[in-house]
Colleague: 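I'd like to ask you about the structure that follows.
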2 protein chains.
Amino acid sequence: MAQRPTLEEVARRAGVSRATVSRVVNGSTTVAGPIQEAVRRAVAELGYAPNLAARSLVTHRTDSIALVMPEAATRVFSDDQVFPGIIHGVSQELEAADKQLVLMLAGSPAGHARVRRYTTGRHVDGVLFASLHGADPLPGTLAALGIPTVCSGRPLGEQSVPYVDVDHAGGVARAVAHLIDSGRRRIATIAGPQDMVAGIERLTGYRDALAAAGLPTLVAYGDFTRDSGAAAMRELLDRRPDLDAVFAASDLMAHAALRTLRDSGRQVPQDVAVVGFDDISSAAYTEPPLTTVRQPIRQIGRVMTRLLLRLAAGEQIDQATILPTTLIPRAST
Amino acid sequence: MAQRPTLEEVARRAGVSRATVSRVVNGSTTVAGPIQEAVRRAVAELGYAPNLAARSLVTHRTDSIALVMPEAATRVFSDDQVFPGIIHGVSQELEAADKQLVLMLAGSPAGHARVRRYTTGRHVDGVLFASLHGADPLPGTLAALGIPTVCSGRPLGEQSVPYVDVDHAGGVARAVAHLIDSGRRRIATIAGPQDMVAGIERLTGYRDALAAAGLPTLVAYGDFTRDSGAAAMRELLDRRPDLDAVFAASDLMAHAALRTLRDSGRQVPQDVAVVGFDDISSAAYTEPPLTTVRQPIRQIGRVMTRLLLRLAAGEQIDQATILPTTLIPRAST
DNA sequence: TTGTAAGCGTTATCAT
DNA sequence: ATGATAACGCTTACAA
């Protein structure tokens, strides 16, 4: 296996200087036709491909963007579709900008350290965070280093990093209003993890909405997964067998609640109404189909990416961008 | 925002040479204690992080591995879980090796070109392909360039690139045998796309199994998605209203078939038995729970990764690695 | 329009 | 054990 050819060798073969080859490779227009032709031929014959490390060492650009998911792979690729949706949106937008997506999972401390090394090592032109746990200082650190950074979800703690989030409170308020309108009065919630802003804000939304209506609250906690939803639902039924509605902070938990309710002999929606949050694609396929609060997940990814690219281009961007949520009524209420 | 500090500046601050700082940063043991200490302090004070491009320019390593999915993001992040499962497995194994995962979606021609540029540009130490369409020449090209490459699924065409695949034929044979054993005789299939090896082999498996049993075949085509499965199921019912079993080449298509059958007034499994392929996590949650052929998806990712790392380390590896499939009987048969 | 040459920030090979 | 110094492969003033 021959050594990979360099600019030098292409130049020699084409009978020109390295600089000229570089110009042709990078599409400069100031090179004479026949020379361009000769260079291209040499490139093709040698199978030349530029060494990206060498290039970015001088240009200070890498044309790639990191999307960091501070989660174990198990969480990211549950059938939750939230992370995939964000990835999808990001990748669409990056595709349009002809930039490369570098996906980094950072569930473990080692992963977190690796991400830090990679991003601070100038290996990417910017960093996107999809979800944050607790008050992770990394986004703030990167931003302080001058590395363009955008988060999904308001970062907890002191950091002032631009972010994109959805209107959690508004969505929950509409869901609860919908339940109240249909006569429900004993409305429980299966809350999400309280170290994540989505979990926190949805629970706050529930509390505020019930308080405004003068109704009592009933809370059990899950971590957005199906298993945790089933456990929480069982707990709620134990504590309050006569509850007549449940708002789950994720569709996955709502789905498990549906099944748990049925297993307990209750009818949905006759005995208990169920509302989820997310509107993942299988929500329309549950039994019965799930009423839920839709959040425009893919849109989050797209908006984050556009903001990041503008930031990287030196533009000023808003500190917060909030996207709307919508109630999607189906048969579970 | 000050310019990022370089080795040089750290060296000056610590009162040593660049070489010494490099040694400390890279964990060399041949540096005296007090000097190490001084260097570390300078690194911390300056917030120094090595420039990865400069490093890989000389080391010829990047400590990152590309996972290429020649698919549109829509396909990759459907709720299919196959790609996510592979990503998951790969990322687990890469985590153990402390290497960075670079995920590349290459659904469009532009994406494909970007991937080619990136991988041939020595931006990664090796390349994993998760699924291939048609006889994509890229894996062969990379392998010929001496870039460690491993595919998931046997590459079509002339290429001799090492790959990992599952025993499609064996799994399908067991599924069909299971149907025949339970008295089914008019067994249709919803086949996958015929430009992908998984689609091809599962259909071949079905044909072989039915031929061996002396039963007639009935085939409709989908592309592994739910929508295509619903359409294919309707077509099958039109053509053969009295069919008594369906083998779908993916769980998503099987799920849609379940629903389509019910909508047509048929009972599953009384009137029609349904078997899927994949065993995605929601297969246990369909109505009724889906009998399916489990393929060890995450394992595919792990095995591919281990092979790639060995290849990158200069070891010899097998051309083909085939993982077993298992029939998971549930209520749909 | 083309070529020359000076870096870019590391690591690695030598001496010392 | 530490320090010069030469690469690594590319882009980009600047000169011609």
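For clarity, every value in this text was computed on a predicted model and none was experimentally measured. Here is the naming used below: chain letters follow the sequence lines, and residue numbers restart at 1 for every chain.
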Colleague: Which whole-number value in Å describes the distance from B/H60 NE2 to D/dA7 P?
Modeller: 13 Å

Colleague: Within the pair B/T30 and D/dA1, is there a side-chain N or O less than 4.0 Å away from OP1 or OP2?
Modeller: no

Colleague: Looking for any heavy atom pair under 4.0 Å, which part of the strands does A/A19 touch: base, sugar-phosphate only, or nothing?
Modeller: base

Colleague: Let me know the distance between CD of A/E8 and P of D/dG9, rounded to the nearest Å.
Modeller: 10 Å

Colleague: Of the nucleotides C/dG9, C/dA5, D/dG9, which has the atom closest to the A/T6 side chain?
Modeller: D/dG9

Colleague: Would you confirm whether A/T149, through its side chain, and A/I147, through its main-chain N or O, come within 3.5 Å as a donor-acceptor pair?
Modeller: yes

Colleague: Side-chain N or O of B/S17 versus OP1/OP2 of D/dT2: is the shortest distance under 4.0 Å?
Modeller: no

Colleague: Indicate whether OP1 or OP2 belonging to C/dT11 is found under 4.0 Å from a side-chain N or O atom of B/S22.
Modeller: yes

Colleague: Rounded to whole Å, please give me the gap between CD in B/E9 and P in C/dG9.
Modeller: 8 Å

Colleague: On DNA chain C, nearest-nucleotide positions of A/T29 versus A/R18: which is more 5'?
Modeller: A/T29

Colleague: A side-chain contact here means heavy atoms from C-beta on lying under 4.5 Å apart; do B/P296 and B/V166 qualify?
Modeller: yes

Colleague: Is a side-chain N or O of B/T120 found less than 3.5 angstrom from the main chain of B/R116, in a donor-acceptor match?
Modeller: yes

Colleague: Do A/D63 and A/R55 meet the salt-bridge criterion of a basic N to acidic O distance under 4.0 Å?
Modeller: no

Colleague: Of A/P50 and B/V31, whose nearest nucleotide on DNA chain D comes first from the 5' end?
Modeller: B/V31

Colleague: Ring-plane angle category for A/H123 and B/H123, please: parallel below 30°, perpendicular beyond 60°, tilted otherwise.
Modeller: tilted

Colleague: Among D/dC10, C/dG9, C/dT2, find the nucleotide with the atom closest to the side chain of B/V58.
Modeller: C/dG9

Colleague: For the side chain of B/R23 and the base of D/dG3, is some donor closer than 3.5 Å to an acceptor across the two?
Modeller: yes

Colleague: When you check the phosphate oxygens OP1 and OP2 of D/dT11, does a side-chain N or O of A/N26 lie under 4.0 Å from one of them?
Modeller: yes

Colleague: Describe the nucleic acid contact of A/L52 in one word from base, sugar-phosphate, nothing, applying a heavy-atom distance below 4.0 Å.
Modeller: nothing

Colleague: Among C/dT11, C/dT2, D/dG3, which nucleotide has an atom closest to any side-chain atom of B/V16?
Modeller: D/dG3

Colleague: With the side chain of B/L57 defined as its heavy atoms from C-beta on, choose the nearest nucleotide among C/dT10, D/dG9, D/dC10.
Modeller: D/dG9

Colleague: Can you figure out which of C/dT2, C/dA6, C/dT11 approaches the side chain of B/L7 most closely?
Modeller: C/dT11

Colleague: Using whole Å, what does the distance between atom C1' of nucleotide D/dC10 and atom CZ of A/R12 come to?
Modeller: 16 Å

Colleague: Round to the nearest Å and state the distance from A/N51 atom CG to C/dG9 atom P.
Modeller: 16 Å

Colleague: Report the distance from atom CG of A/L46 to atom C1' of D/dG9, rounded to the nearest whole Å.
Modeller: 15 Å

